[in-house]
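Contents: one structure, followed by commentary.
Atoms within each ligand, like the ligands themselves, are counted from 1 in listed order. Quick note: numbers below take in every heavy atom, side chains included, and nothing from hydrogens, waters or symmetry partners.
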Amino acid sequence: MDDPFGALAVAANGPMMIVTTATKTERGGCLVGFHSQCSIEPVRYAVWLSKANHTSRLAFHADYLGLHFLAAANHDLAELFGSQSGDDIDKFTECHHHIGPWGVPLLDGCVNRVVARRTAFLDEGSDHICFVAEPVEARLVAPDVEPLRLADVSDIEPGHQADDRPTPRSERP
Ligand SMILES: Cc1cc2nc3c(=O)[nH]c(=O)nc-3n(C[C@H](O)[C@H](O)[C@H](O)COP(=O)(O)O)c2cc1C
């Protein structure tokens, strides 16, 4: 096998999420496969956003993130937020949403979601930045819903490849 690590990551078939955020002047969001709870007490959640993405640049300037846990029925939203970039379009004009607590744009099509306050980020020189956040509002409407998983979105071509990040590779937003 050429790439056992890559094969392991695919075999794990993790659940997919859409992360949204907004500054005073801009809103954005993207499909995310890299995410996990990362602390119990205090509770913390981590998402890894690509330096190439519009969403990661916004997240530096925003205090809150919307974490949408996708259901199997959310493929259309995954495609919109995973294959298009906020560098080119405003994705929120293409889907039902509302402005939630702390000004976070929330997707009406995703019933299980969390609003989280960004507490820290880690840039260790790789192509993604780890944003750590404190859940401040959680909404669980469908506890038994089947998640949308990595294998379900293999048809989606990312709006940005990780190596789309700017040259020279300044880590400053
Ligand atoms: C299966 C899949 C998983 C992805 N996982 C991530 C991820 O964990 N973090 C991330 O920043 N982008 C991820 N992306 C890429 C973004 O969702 C995609 O490039 C998006 O169009 C970026 O939008 P933006 O420029 O508006 O932020 C993934 C895309 C796909 C198709």
Side-chain angles (χ1 to χ4, degrees), residues 3 5-38 44-95 97 103-107 109-110 113-114 116 118 120-133 146-167 169-173:
D3 178 15
F5 176 77
L8 272 171
V10 169
N13 200 21
M16 304 302 296
M17 159 177 287
I18 292 173
V19 175
T20 58
T21 193
T23 65
K24 285 198 175 97
T25 56
E26 271 190 278
R27 57 189 176 178
C30 70
L31 180 66
V32 165
F34 298 158
H35 63 92
S36 176
Q37 182 170 352
C38 59
R44 292 287 184 270
Y45 207 91
V47 296
W48 283 261
L49 299 180
S50 168
K51 290 174 183 173
N53 289 356
H54 177 252
T55 308
S56 69
R57 295 198 299 280
L58 287 190
F60 272 118
H61 298 284
D63 294 325
Y64 292 88
L65 304 173
L67 312 176
H68 301 78
F69 294 80
L70 297 182
N74 289 136
H75 186 277
D76 285 358
L77 277 173
E79 185 161 22
L80 174 62
F81 279 85
S83 70
Q84 305 282 335
S85 175
D87 289 329
D88 306 316
I89 66 159
D90 180 352
K91 301 176 201 182
F92 295 93
T93 62
E94 310 282 323
C95 63
H97 67 281
V104 179
L106 296 176
L107 305 175
C110 301
R113 63 190 178 225
V114 169
R118 183 168 63 79
F121 69 86
L122 170 68
D123 178 353
E124 52 90 62
S126 60
D127 52 22
H128 282 61
I129 295 170
C130 175
F131 291 92
V132 181
E146 184 59 29
L148 187 76
R149 295 190 173 276
L150 183 62
D152 303 320
V153 294
S154 58
D155 59 320
I156 299 176
E157 188 68 27
H160 277 301
Q161 298 294 336
D163 60 6
D164 283 349
R165 56 197 277 207
T167 304
R169 292 184 165 187
S170 165
E171 313 311 347
R172 295 192 192 95

Gly29 touching ligand 1 at heavy-atom level, < 4.0 angstrom | yes

Who's closest to atom 12 (N) of ligand 1 heavy-atom-wise, of Asp155, Thr20, Asn53?
-> Asn53

State, with a plain yes or no, whether a side-chain heavy atom of His97 is found less than 4.5 Å away from one of Arg27.
-> yes

Mind listing the closest non-hydrogen atom pair of Leu65 and Ala133 along with its distance?
-> CD1-CB, 4.4 Å

Close side-chain approach of Arg113 and Leu107, heavy atoms under 4.5 Å = no

Atom 25 (O) of ligand 1 - nearest protein heavy atom and its distance | Ser85 OG, 2.7 Å

How far does CD1 of Ile18 sit from CG of Leu67, to the nearest 0.5 angstrom?
-> 11.5 Å

Shortest reach to atom 23 (O) of ligand 1 by a heavy atom, considering only Lys91, His160, Gln161 = Lys91

In terms of atom number and element, which parts of ligand 1 are under 4.0 angstrom from non-hydrogen atoms of Leu150?
-> 1 (C)

Are Phe81 and Phe92 close enough that their ring centres sit under 6.0 Å apart?
-> yes

For Gly33 and ligand 1, does the shortest N/O to N/O distance drop below 3.5 Å?
-> yes

By number and element, which atoms of ligand 1 are closer than 4.0 Å to a non-hydrogen atom of His54?
-> 24 (P), 25 (O), 26 (O), 27 (O)

So which heavy atom in the protein is nearest atom 27 (O) of ligand 1, and how far is it from that ligand atom?
-> Thr55 OG1, 2.6 Å

So is there a nitrogen or oxygen of Trp48 less than 3.5 Å from a nitrogen or oxygen in ligand 1?
-> yes

For Ser85 and His160, does a side-chain donor sit closer than 3.5 Å to a side-chain acceptor?
-> yes

Taking side chain as C-beta onward, heavy atoms only, is Val114 less than 4.5 Å from Tyr45?
-> no

Here the atoms of ligand 1 under 4.0 Å from any heavy atom belonging to Phe81 are 17 (O), 20 (C), 21 (O)

Option with minimal heavy-atom separation from atom 21 (O) of ligand 1, where the choices are Gln84, Met16, Met17 | Gln84

closest protein heavy atom to atom 31 (C) of ligand 1 is Ile156 O, 3.5 Å

For atom 30 (C) of ligand 1, the option (of Ile18, Thr21, Leu31, Val32) bearing the nearest heavy atom = Leu31

Return yes or no for this condition: an N or O of Phe34 is under 3.5 Å from an N or O of ligand 1.
-> yes

If we only count heavy atoms from C-beta on, is the Val132 to Leu122 side-chain gap below 4.5 Å?
-> no

Please say whether Ser50 places an N or O atom under 3.5 Å from an N or O atom belonging to ligand 1.
-> yes

Nearest heavy-atom approach of Cys130 to Ala46 is SG-CB, 3.9 Å

So, for Leu70 and Ala78, which heavy atoms are closest and what is the spacing to 0.1 Å?
-> CD1-CB, 4.1 Å

Could you tell me which atoms of ligand 1, counted from 1 in the order shown, lie closer than 4.0 angstrom to a heavy atom of Val153?
-> 1 (C)

Does ligand 1 have any atom that is closer than 4.0 Å to a heavy atom of Gly82?
-> yes

Nearest heavy-atom contact between Leu150 and Asn13 is N-OD1, 3.4 Å

How far is atom 26 (O) of ligand 1 from its nearest protein heavy atom, and which residue and atom is that?
-> Gly86 N, 2.6 Å

